[in-house]
Every structure is written in C-alpha cells, then in structure tokens.
There are 2 protein chains.
Amino acid sequence: MSHMGYGCLMALDRDHVLRSAAALLTRKSTATMDEVAKAAGISRATLHRHFAGRDALVRALESLGIEECESALDAARLDEGPAGDAVRRLVRELEPAAGLLAFLYGENQLFEGESQNEGWARLDARIAALFRRGQDSGEFRIDLTPAWLTEALYGLIASGAWAVLDGRVATKDFQFMIVELMLGGALRREEP
Amino acid sequence: MSHMGYGCLMALDRDHVLRSAAALLTRKSTATMDEVAKAAGISRATLHRHFAGRDALVRALESLGIEECESALDAARLDEGPAGDAVRRLVRELEPAAGLLAFLYGENQLFEGESQNEGWARLDARIAALFRRGQDSGEFRIDLTPAWLTEALYGLIASGAWAVLDGRVATKDFQFMIVELMLGGALRREEP
DNA sequence: CCCATGTGAGACATTCACGTCTCACCACGG
DNA sequence: CCGTGGTGAGACGTGAATGTCTCACATGGG
C-alpha cells in the first residue's frame, strides 16, 4: 500500500526545495517560480504540488525562518551567564540562517499585515528580553532601547549576510564583525 | 518664444515628483507607476513624460540619493576634527535622506550590474576613508575593517529608517541610536 | 481672440509571471 | 506483466503592470 500520503521522500524533497528557494531568494528576492524550481532541480509543476503558489512558498519560508531562529535562540541559552556572552552565542547560532533572515527582513518591510507577526513578535520579545537583562545587570548601557538593539541586530545580520554574498566581508569574519560592532562599537576601548 | 525646453515649472515638478516617489517607495518598494503618479498628484501620462519608464524613475531616484549623500558628506566635513565627531555629523546630515537611502539599499541587493556603481563606489570610498582615518589616529579599533564599518553604517541607517516608519523608534532618537550604537556599541563603558 | 503647450483621462496592445491543466514517461510494487 | 503514483514538459487562459497612443480641456501668451 503506497498511499503513504506525506511519505518520507516528499518531506525530504519539500525541505530541500525550501532550502534551495531560501538560498536563491537571498540573492535575488524577485526570482520567478520557474527560477526557484530550476534552482531546486525540479519542474515548476512539482514546485506547485508542494506549494500552492508564491505566497504559500514565502509563508513556508517565513515559517522555516522562524523555526530556525527559535532553535537558534534555544541553543544560545539566552538566560545563562553574562548577557554579552549570550549575544555572542546568539549570533553564532544565527549565522546559518543569516541569508534566509536577510531575505525575510527585506520582505517584511513590504506586506504590512500578511506576515506571521505572532512568530516574529515572539522572537523580538525574547531578544529584547536578553538586552533588557543585560541592562538590568549593568552590563549594557541603558540609553539604547531594547527594541532598537533588537532591530539593529537584525539589520547588522542582514547587512553582514549581503556583504558576505557580495564578497565585501569574508565568511569567517561574519560573526566577529557583527558581534564586535554590536557590543563594542567602532571606538577603541581604553586599555583597562 | 515659449520653446523654453526645460522650463522652470518642469524642473520644479520633476523634483516634486521625485520626492513624492521617494517617500512612497520607501514605504512600499513595489508601488505601481499609477500609485507613484497619484502620490505625486499627477496623472500617469505626465509621470511618463518626466520619466520614460520605471527603470528611468528608479535610476533618477538613485541619482538623487547619490547627490544627497554627496552633499551630506560635504556638509559633514569628514576630514576635520576627531573621526568620531565626523561620524556624528555624517549621520546628522544623512538623516533627511535616510528613507530614500533605505529604499535604494534594499533595491541594490537586486540588480547586480545595472546600478550606478560609480557613484556608490565613490561614496563608499569616502566613508571608508573616514573610518580608516579614525583607525590611523588611534580613535577607532583596527580589528573591524573600514569596508564592514561602512556597510554596517548603511545597514543601521536603513534599519533606523524602517524602525522609525513602523513606530518602533521615535524620530527624535534616530541620530542618537545609530551614532551611539555605531561608535560605542551596546556594552556599558567603564567610567573613566 | 486664437493658438500653442502642458495636462488629465482613458483606451489599447504587450509583456510577463502566475495558476491550472493535460499528457507522456518512468519507477515501483503487486 | 501490468497498474499506480509521482514527475517533467509544455500548452493554455488570466490578471496585473507597463508603455504608447489619442483626445478633450484648460491656461497663458501673442
């Protein structure tokens, strides 16, 4: 009986398609369904069998991005240890999803209401809570709002992902550049 | 003889259309030519008389953005005084163009070759030179490359502009949030 | 007064991506 | 051996945005 419905092969293919689409759309956010299909090595018909339409594909990518971010937040253990170290762990865990995140970050400036705000809001809240914890512990300055620090982190990750794609920043420097600018800024610290 | 060609009224209108389009496209980067025309208070036909097509409009916006950035760089006097102060002046002068800049920054992740790279490259070089000057004077840390600092500045300005548009950051805090994060980072400085 | 210029409104063809459909093919299991 | 399910290729209709065109109107100067 091969009426397995959503068999294992389907699931694997779906994930593979999603990854390919993420990689392509990161570079060319207006890519055609045809290009997405070709990038995944399947035909447009099969792509349509997996995702009803372009909207469905983008929403699936959004879900994937939210999932990966939540996993990254979990793995980064934001509640443990100094907040600065938590930020370092966060950026490290977030790096694999940086490209997808950059695409979604640019996409969300568009659609005012159709995005899955619940998921993003939860992520925002968790990251903002980390920055607030750092402020309460005296580790972070209090004249920059947690909301702005969260926004800036997204922006820097997107900028970093694009800079790496364009070859303006080396892949191995991605984490360092973002974390160091985010935490320490451009000014040289006084030697302690 | 009213064959004045590019008369004064045309020029004024053209600039007004450009500003309106910039304001609209900052919020909705996929706005229709019809919407752009309506936003400028003119008809689509007249819009087409000013700009041959959508590409021409975007390229005109790009030129406008480059112009405004160059003016801002001039006004900021990047060569004078401490580099940190120059960065503050730069962000202050750049704020009026932040929305347009955010739109163009997102747009340039697309079109790989059709953008006016010469203009942007000149701006990049001037800003990178500022960061390099700060490094040479010992004011800025040397473990963050000028190219990354330049990229990060663009990213933070875009993030700031979007955050202001969405109401997540107050307009009056725009400069402060960007400059302070850019220069000082999130970590609290030791009291000197 | 008349004419020229710029404009708005709208019709029109074109392009492009999308979504749906059909059909042939291939691998797989019964 | 044959049927079934998933796939690729491609045709087809649709809708949206674009670019071009014409025509009527208003304003302003000669």
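In this text the structure is predicted, and so the values were computed from the model without any measurement. Chain letters run A, B, ... following the sequence lines, proteins first, then strands; residues in each count from 1.
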In whole angstroms, how far is the [atom2] atom of [N] from the [atom1] atom of [X]?
| X | N | atom1 | atom2 | value |
| --- | --- | --- | --- | --- |
| B/Arg49 | C/dG10 | CZ | P | 15 Å |
| B/Leu47 | C/dG10 | CG | C1' | 16 Å |
| A/Arg14 | D/dT7 | CZ | C1' | 18 Å |

Do B/Glu95 and B/Ile178 make a side-chain contact, defined as non-hydrogen atoms from C-beta onward lying under 4.5 Å apart?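 No; the side chains remain at least 4.5 Å from each other.
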Are any of the side-chain heavy atoms of A/Pro146 and A/Gln135 separated by less than 4.5 Å?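 SC-SC contact between A/Pro146 and A/Gln135 confirmed.
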Is the distance from OP1 or OP2 of C/dT7 to the nearest side-chain N or O of B/Ser43 less than 4.0 Å?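 No, B/Ser43 has no side-chain N/O under 4.0 Å of OP1/OP2 on C/dT7.
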Roughly what angle, to 10°, lies between the helix axis at the start of the helix from C/dC1-D/dG30 to C/dG30-D/dC1 and the one at its end, five pairs per end? 10°
Would you tabulate the nitrogen or oxygen pairs shorter than 3.5 Å linking the protein to nucleotides 12-18 of chain C?
from: C/dC18; atom 1: OP1; to: A/Arg54; atom 2: NE; distance (Å): 3.0
from: C/dC18; atom 1: OP2; to: A/Met33; atom 2: N; distance (Å): 2.9

Pairwise salt bridge (charged side-chain N to carboxylate O under 4.0 Å, His left out) hits with a residue in residues 51-64 of chain A, at least two apart: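 Found none.
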Inter- and intrachain pairs under salt bridge (charged side-chain N to carboxylate O under 4.0 Å, His left out), touching residues 97-107 of chain A, at least two apart: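 Residue pairs with at least one partner in residues 97-107 of chain A: there are none.
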Using the test side-chain hydrogen bond (donor to acceptor under 3.5 Å, both in side chains), find all partners of B/Arg141 that sit at least two apart in sequence or belong to another chain.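 In terms of side-chain hydrogen bond (donor to acceptor under 3.5 Å, both in side chains), with neighbours along the sequence ignored, B/Arg141 is linked to A/Glu180, B/Asp143.
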Establish, from distance only, whether the side-chain atoms of A/Glu35 and A/Thr32 form a donor-acceptor pair under 3.5 Å. yes
Of all pairs that satisfy ring pair (Phe, Tyr, Trp, His ring centres under 6.0 Å), the ones with a partner from residues 57-91 of chain A, not counting sequence neighbours: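 Sorted pair list comes back empty.
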Evaluate the salt bridge (charged side-chain N to carboxylate O under 4.0 Å, His left out) criterion for residues B/Asp15 and B/Arg19: first the C-alpha distance (whole Å), next the side-chain angles of each, then the deciding distance (0.1 Å), finally the verdict. CA-CA 6 Å; B/Asp15 193 74; B/Arg19 307 271 168 194; 3.3 Å; yes
